[in-house]
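Remember, predicted model here, so these are calculated numbers, not experimental data. Counting starts at 1 for both ligands and their atoms, following the listed order.
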Amino acid sequence: MRDSFARKIDYLRISVTDRCNLRCRYCMPEEGVPALRHRDILSYEELLRVAVDAGVCKIRITGGEPLVRKGIVDFIAGLARLPRAPEITLTTNGLLLAEQAVSLKEAGLSRINVSLDSLDAARYRQVTRRDGLAQVLEGLEAAVAVGLTPLKINMVPILGVNEDEIAAFGRLTIERPWQVRFIEFMPVSSDLDYSPGQLYPAARIKADLQQLAPLEKVPQKGILGPARIYRLQGAVGTLGIISAVTESFCRECNRLRLTADGQLRPCLLSQNEIDLRTLLRAGIDDKVLAKLLQTSVTAKPERHCGGIGCGIGQRRMQEIGG
Ligand code: SAM
Ligand code: SF4
């Protein structure tokens, strides 16, 4: 599918649940948020139907925390059997990864992104409001052992919280073939524990990494995607910098999003949703579904308005999938 700005849209991000076993302070409040009712979440059969008609070549499963939803392994196996055999990836906080890594790989998952914001147990607890660093580290090892690689780590640096760990995360790539990705904090809702002033911009992230060793730009093939990729001179792994706020990557955007409650969203920061859940349950046929997918693609804005103040509407990051 092509959008109105000639971008090829071949990547679908599916949020399979709004529930989560962490409470990261940049994502949701301590008390969590009222959970969607089970019947308001798309069933795996409904998700598979959308995935078939989208005809994309890459699907990312996200959430909430996707590994807390029952049946996720069978769902992945179902996606892997789709006619176009799309590449299937997943973003997780890693808490349940060690116990599920083998079955995820066997089901057909290709790769995994693990979100991790501190390498210090006390600080991990401070950011996520839960214990779990040791479990996540076990999860990383398990993912590598079963070949869910190249492993990617997502880190959100927040000023005054964990930005002093950028170098430590960068160093992980010196001897490991991992990609450590630094994601700019998006202050998308007003009830988060961190303020817009704590956004640590891409330019500063890059400058911190340059203190470690010269940074080489890694050439990217095809669609660039949101991350700018670098390598510390002599390192085995790579570094990604994702600057959704200070330097938009909209020109390279190739994705559509499906929220946990079945709303098709053309952009993380667009509220122009199509209510697929209602339509699917009203019995629309494949032709209409395909048309709606194209309508959403056509509705993709050329660029979002810049992050701060742009907002994700009434929704939270864990409903849309980050
Ligand atoms: N629970 C999974 C996890 O944390 O990896 C998947 C869902 S989470 C919403 C997806 C990604 O969004 C994570 O890498 C997380 O760090 C990121 N994220 C959440 N809130 C964010 C925010 N306000 N700014 C930037 N990234 C955010
Ligand atoms: Fe949960 Fe992921 Fe949000 Fe953290 S970022 S609270 S792990 S959904």
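Taking 4.0 Å as the cut-off, E184 counts as a neighbour of ligand 1 on heavy-atom distance.
Close approach to C24 involves these atoms of ligand 2, each under 4.0 Å from a residue heavy atom: 4 (Fe), 5 (S), 6 (S), 7 (S). Atoms of ligand 1 lying under 4.0 Å from at least one heavy atom of G63, given by number and element, are 7 (C), 9 (C). Below 4.0 Å from some heavy atom of S115 lie the following atoms of ligand 1, by number and element: 3 (C), 4 (O), 5 (O), 13 (C), 14 (O). Residue contact check: M186 has heavy atoms under 4.0 Å from atoms 22 (C), 23 (N), 24 (N), 25 (C) of ligand 1. For ligand 1, the atoms closer than 4.0 angstrom to any heavy atom of N93 are 2 (C), 3 (C), 5 (O). For ligand 2 and C27, the ligand atoms under 4.0 Å from any heavy atom of the residue are 3 (Fe), 5 (S), 6 (S). Which parts of ligand 1 touch V156 is read off a 4.0 Å heavy-atom cut-off, strictly below it: atoms 16 (O), 26 (N). Ligand 2 places these atoms under 4.0 Å from at least one heavy atom of M28: 6 (S). Of all atoms in ligand 1, listed by their number and element, those nearer than 4.0 Å to a heavy atom of T62 are 6 (C), 7 (C). Less than 4.0 angstrom separates some heavy atom of E65 from each of these atoms of ligand 1: 1 (N), 2 (C).
Taking atom 8 (S) of ligand 2 as the reference point, the nearest protein heavy-atom neighbour is Q318 CB, 3.6 Å. Of the protein's non-hydrogen atoms, the one nearest atom 1 (Fe) of ligand 2 is C20 SG, 2.3 Å. Nearest protein heavy-atom neighbour of atom 11 (C) of ligand 1: G322 CA, 4.3 Å. When hydrogens are left out, the protein atom nearest atom 10 (C) of ligand 1 is G321 O, 3.7 Å; that is the closest non-hydrogen contact. Protein heavy atom in closest approach to atom 1 (N) of ligand 1: G64 O, 2.9 Å. Closest to atom 17 (C) of ligand 1 among all protein heavy atoms lies Y26 CE1, 4.4 Å.
Contacts between T92 and ligand 1 below 4.0 angstrom, taking non-hydrogen atoms only, involve the backbone exclusively. Of all the heavy atoms of T91, the ones lying under 4.0 Å from any atom of ligand 1 are found in both the backbone and the side chain.
When side chains are defined from C-beta on, L116 counts as touching L137, because their heavy atoms get closer than 4.5 Å. With contacts defined as side-chain heavy-atom distances shorter than 4.5 Å, the pair K300/C253 qualifies. Looking at V50 and D53, their side chains never come closer than 4.5 Å, going by heavy atoms from C-beta outward. With a 4.5 Å cut-off on side-chain heavy atoms, L67 and L104 count as touching.
Note on D275 versus R281: no salt bridge recorded, every NZ/NE/NH1/NH2 to OD/OE distance being 4.0 Å or above. Salt-bridge formation is detected for the pair E87/R111: a Lys NZ or Arg NE/NH1/NH2 atom is positioned less than 4.0 Å from an Asp or Glu carboxylate oxygen. A salt bridge is defined here as a Lys NZ or Arg NE, NH1 or NH2 lying under 4.0 Å from an Asp or Glu carboxylate O, and R129 with D193 meets this definition.
The neighbour count for E141 CD, taken as heavy atoms of other residues, nucleotides or ligands under 6.0 Å away, does not exceed 12. Heavy atoms from other residues, nucleotides or ligands lying under 6.0 Å from CD of E31 number more than 12.
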Mind running side-chain hydrogen bond (donor to acceptor under 3.5 Å, both in side chains) on E65 and T17 for me, showing each step along the way?
CA-CA 7 Å; E65 174 47 41; T17 179; over 6 Å; no

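Taking the six-membered ring for Trp and thresholds of 30 and 60 degrees, F75 and Y44 have nearly parallel ring planes, at less than 30 degrees apart.
Under a 3.5 Å cut-off, the side chain of E46 and the backbone N or O of S43 do form a donor-acceptor pair.
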